[in-house]
Amino acid sequence: MQEITLADFERAIKAAAETALRNEKYFSELDSAAGDADFGVSLASGFRVVQNDWDQLDRSSIGAFLLKISMIISRNVGGCSGPIWGTAFMRAGMLSRDKTSITLEDLEKMLTAAIEGIQQRGGAVEGDKTLLDALIPVRNKIKEYVGKPDADLREVLREAAAVATEAIERTKNWVAKRGRQSFTGERSVGTPDPGIVAIATMLNDICKAVGVEPASQASNG
Amino acid sequence: MKKFVNDPANFVAEMLEGVALANPEMLRYVPEYNLIYRADRPNPDKVSVVQGSGSGHEPAHIMAVGPGMLDAAAPGNVFSAPPVDYCYECIKRLASPKGVLVLINNYQGDRMNWDMAIEMAQAEGINVKSFIIDDDVAVQDSTHTVGRRGVAGNFFVIKACGAAAERGASLDELLRIAQKVNSQVRTMGVALTSCTPPAKGKPIFEIGDDEIEVGVGIHGEPGRRRDKLKPADAIVDELFDAVFNDLPFKSGDRVAVMINGLGGTPISELYVLYRRAAQRCKEKGLTIVRNYVGEYCTSLEMAGASLTLLRLDSELEDLLAAPAEVAVRIF
């Protein structure tokens, strides 16, 4: 089966950064329903630095690259989102420190480590209406393909984007239980969680960046 | 609100530069990471004790760096946790073979950033552990916190751990001492006025001329309730009862008492408060072994005070009495 290379990670992060910048206002609007309306601005401030520092990032391995992204995100994304997103990149980076290409099985492990990191740092669990409710189904979908020698990475990516997109509608009417949104509990019902929308939009944009037609559209951005 | 400020964005950096210039022998300053550390650190024979919280609480914690206290402090902006790279650099530069102890006040931002930095440092083989301080009895959760907040009781954790570290205690030994102090210390505060972060330019909450916020947090977070201003003794009584009953303290206890000013209350008023606190201790059968009246953990220029009681045993009495030197001094 094909391997996932450092160049693939670069393309993905670059696309995700563009998602964050293009949706700065939209993600903040989603956050204003029950949070403090700064999620889009916070996320964009971090990914703007990723873009600005792009040429100087350490590319000696996938892990080194992700650890650098982790530091930039934790440092520059405001509020609690910084260390939460930063921890996800850090845990994934720690498992790929000496690798310039990885298998789908490695990716699944990295994603699992990222999910555990987010849970530990933020104290959220599945069902709290956070980005975990997009990331966990994505990880589970990837797991289905692990061990299938004929799995097509492009199909895996499309399917991963599809489950993340489904999570937006599926969780929309849940009550947010963690983060700033939890203070306003009931007000979150009916509005999608901005973290879930961000993950889904990023995955759909990554699809487009590598020429994979996404199964559906997540964002208006 | 009038303030001594140049560009508000440089407020913290200029304060740190001032602290460093005032203590050229004792302290070193790394502007890129808001890092102030003891010139003779790290010491391979001693655990480094460090802290980093938001600024605006001075002398906590940046002016608590010195022999017998903290080895380093890495503050964030006013009322903002230090970012992860400040925390990481602080640990890395203070790394000693005996270990690094990070004392964290219980606020979500501080915890997340330090936890992440600690994880990164541990992955590089640095021996670092942390301890969470949560002495404020006023509220269980707040806008900044899950659980109780860390406030003026922090001083006693720093003092005891700083003294023990100076004598060569191991990292695990220091964790035990931190745990002991935190489990025996209780604090509650009251605000007479709000305060204004320089970069924000307006008060962080509104409060009437005749009102007080009972149980206020050191970032102006709401406390237990808004009340009408009442005589000083009645205010002390409320703080004292909340703190006394929480542990609970009991007749015969030997204690340290702290009346901490929140930044805008003159020391004369703090002694009016101490007078009543001492009366209440006597009435309850507490023996005051040490007292602390002054500013230890403030909230910029907020008028107000907090009352802290710490139950002592011979070990803690000894550690509190050990010599220490910090950047704030009056002699």
Peer 1: Could you note down all residue pairs passing side-chain hydrogen bond (donor to acceptor under 3.5 Å, both in side chains) where residues 121-131 of chain B supplies at least one of them, sequence neighbours left out?
Peer 2: B:Y88-B:E124, B:K129-B:D172
Peer 1: Do the side chains of A:E18 and A:R22 get close enough for a salt bridge, i.e. N-O under 4.0 angstrom?
Peer 2: no
Peer 1: Under a 4.0 Å N-O cut-off, is there an ion pair linking B:D136 with B:R148?
Peer 2: no
Peer 1: Can you name the residues that form a side chain to side chain contact (heavy atoms under 4.5 Å, CB included) with B:R226, not counting sequence neighbours?
Peer 2: B:F205, B:I207, B:E211, B:E213
Peer 1: Can you name the residues of residues 39-58 of chain A that have some heavy atom under 4.5 Å away from a heavy atom in chain B?
Peer 2: none
Peer 1: Any Lys/Arg nitrogen of A:D193 or A:K129 sitting under 4.0 Å from an Asp/Glu carboxylate oxygen of the other?
Peer 2: no
Peer 1: Which residues pass the side chain to side chain contact (heavy atoms under 4.5 Å, CB included) test with A:R75, sequence neighbours left out?
Peer 2: B:P83, B:D85, B:Y86
